[in-house]
Amino acid sequence: MNVQHVLDLYSSSIQERDIERFLSIYDSEVQIYDCWGQWESKGIAAWQENVTEWFIGLKADEEILEVDFQDVMIEETSDLAFAHCAVTFAAHKESDGEKLRQITNRFTFCMKKVEDTWLIVHEHSSLPINMQDGKGMFGLR
């Protein structure tokens, strides 16, 4: 599996709301800096709680979330890699595909190779902040 495959699994697992497959791309000691909710998640158990709540909410709201990566830059050595990119999350009604909302975040993924498989050990998502009011700037992309 290469780094791009990890990003593809990230995207497809979210769209299919497949918690187990989504978590399979993360290291057990993963550290997540997310721009939603908590300051950070340490370890796969904490991340699983957040992801489970997120995916269950999508299912309850009958929404499919499409994930699109843009401007992906990947650097890798034999055992470490990182990717930085913009990631657009677009929510659609499951019943008819109507687009409900969309947001684009900045992401950095740090990965290590474990038995020929890349695993995410650190993930950082962010939005620029408006210095006048301290709010996230959602509409820049």
Side-chain angles (χ1 to χ4, degrees), residues 1-94 96-141:
M1 174 178 5
N2 62 30
V3 172
Q4 184 59 54
H5 185 70
V6 173
L7 300 179
D8 293 342
L9 280 173
Y10 180 98
S11 177
S12 64
S13 298
I14 291 172
Q15 185 169 359
E16 296 165 15
R17 299 178 302 229
D18 187 332
I19 296 167
E20 186 175 318
R21 188 159 43 104
F22 184 76
L23 293 173
S24 75
I25 63 175
Y26 290 89
D27 185 73
S28 63
E29 300 300 318
V30 67
Q31 184 164 14
I32 308 286
Y33 292 152
D34 200 1
C35 59
W36 300 104
Q38 299 176 354
W39 178 261
E40 67 183 324
S41 295
K42 289 184 179 180
I44 198 71
W47 187 227
Q48 182 175 2
E49 281 184 41
N50 291 347
V51 170
T52 300
E53 182 179 320
W54 180 29
F55 283 24
I56 287 173
L58 289 170
K59 187 167 182 71
D61 294 339
E62 298 179 344
E63 295 178 0
I64 298 293
L65 199 58
E66 291 182 5
V67 180
D68 181 46
F69 289 89
Q70 304 104 41
D71 305 325
V72 178
M73 298 296 295
I74 297 171
E75 295 285 336
E76 67 181 88
T77 65
S78 61
D79 59 350
L80 291 174
F82 77 91
H84 58 86
C85 52
V87 183
T88 299
F89 298 88
H92 298 266
K93 279 186 187 177
E94 191 170 17
D96 62 9
E98 176 189 348
K99 189 174 186 178
L100 302 170
R101 63 189 171 283
Q102 174 178 308
I103 184 171
T104 301
N105 293 9
R106 303 175 297 193
F107 270 78
T108 301
F109 298 96
C110 300
M111 301 175 209
K112 72 177 179 181
K113 193 174 276 188
V114 178
E115 298 178 16
D116 295 326
T117 300
W118 288 108
L119 294 176
I120 299 169
V121 294
H122 180 70
E123 176 181 308
H124 188 133
S125 66
S126 66
L127 290 167
I129 301 297
N130 181 312
M131 297 305 284
Q132 301 299 319
D133 62 15
K135 295 181 181 178
M137 299 168 67
F138 291 90
L140 296 180
R141 277 204 121 169

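For clarity, every value in this text was computed on a predicted model and none was experimentally measured. FYI, side chains are in, hydrogens and waters are out, and symmetry mates aren't considered; it's all heavy atoms of this structure.
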Review point. Short question: side chain of Arg17, backbone of Leu65 - any donor-acceptor pair under 3.5 Å?
Key: no
Practice item. Would you mind reporting whether Lys93 and Leu100 have side-chain heavy atoms less than 4.5 Å apart? Key: yes
Check your understanding: Within a radius of less than 6.0 Å around CD of Glu98, do more than 12 heavy atoms belonging to other residues, nucleotides or ligands occur?
Key -> yes
Exercise for review: Take Ser125 and Asp34, measure what side-chain hydrogen bond (donor to acceptor under 3.5 Å, both in side chains) needs, and give me the verdict at the end.
Suggested key: CA-CA 5 Å; Ser125 66; Asp34 200 1; 2.9 Å; yes
Point to revise | Least distance between heavy atoms, Ile25 atom then Val6 atom | key: CD1-O, 3.9 Å
Study note, to complete from the structure: Rounded to the nearest 0.5 Å, the CD1 atom of Ile14 sits from the CG atom of Leu9 at a distance of 11.0 Å
Exercise for review: Flag the pair Phe22 / Tyr10 as yes when their ring centroid distance falls below 6.0 Å, and as no otherwise.
Suggested key: yes
Practice item. Please list, chain by chain and in numerical order, all residues satisfying ring-ring contact (aromatic ring centres under 6.0 Å, His included) with Trp118, sequence neighbours excluded. Key: none
Check your understanding: For the atom pair CD (Glu40) and CD1 (Ile32), what is the distance rounded to the nearest 0.5 Å?
Key -> 10.0 Å
Practice item. For Glu29 and Asp27, indicate whether the former's side chain and the latter's backbone hold a donor-acceptor pair under 3.5 Å. Key: no
Check your understanding: Can you tell if the side chain of Ile103 reaches within under 4.5 Å of the side chain of Leu127, non-hydrogen atoms only?
Key -> yes
Review point. Does some side-chain heavy atom of Asp79 sit less than 4.5 Å from a side-chain heavy atom of Lys112?
Key: no
Revision key, fill the gap. CZ of Arg106 to CD of Gln70, rounded to nearest 0.5 Å, is 13.5 Å
**Study point:** Rounded distance [0.5 Å steps], CD1 in Ile19 versus NZ in Lys59
**Key:** 10.0 Å
Check your understanding: Taking all non-hydrogen atoms of both residues, which atom of Arg21 and which atom of Ser13 are closest, and how far apart?
Key -> CG-OG, 3.4 Å
Exercise for review: Verify side-chain hydrogen bond (donor to acceptor under 3.5 Å, both in side chains) between Gln102 and Thr88, making sure each step is shown before the conclusion.
Suggested key: CA-CA 7 Å; Gln102 174 178 308; Thr88 299; 4.9 Å; no
Point to revise | Crowding at CG, Asp96 (>12 non-hydrogen neighbours, <6.0 Å) | key: yes
Review point. Excluding sequence neighbours, so at least two apart, what forms ring-ring contact (aromatic ring centres under 6.0 Å, His included) with Tyr33?
Key: His122, His124
Review point. Which atoms form the tightest heavy-atom contact between Ala86 and Thr104, and what is the distance?
Key: CB-CG2, 3.9 Å
Check your understanding: For the residue pair His92 and Gly97, what are the closest heavy atoms and their distance?
Key -> ND1-O, 3.0 Å
Check your understanding: So which heavy atom on Cys85 is nearest to which on Phe109, and how close?
Key -> SG-CE1, 4.1 Å
Exercise for review: Starting at CG of Leu119, measure out to CG of Leu23 and round the result to the nearest 0.5 Å.
Suggested key: 11.5 Å
Please table the atom pairs, donor to acceptor, closer than 3.5 Å between any side-chain atom in residues 43-55 and protein atoms at least two apart or in another chain.
residue, atom, partner, partner atom, Å
Asn50, ND2, Ser41, OG, 2.8
Thr52, OG1, Gln48, O, 2.7

Review point. How many angstroms lie between CD in Glu76 and CD in Gln4, if you round to the nearest 0.5 Å?
Key: 11.0 Å
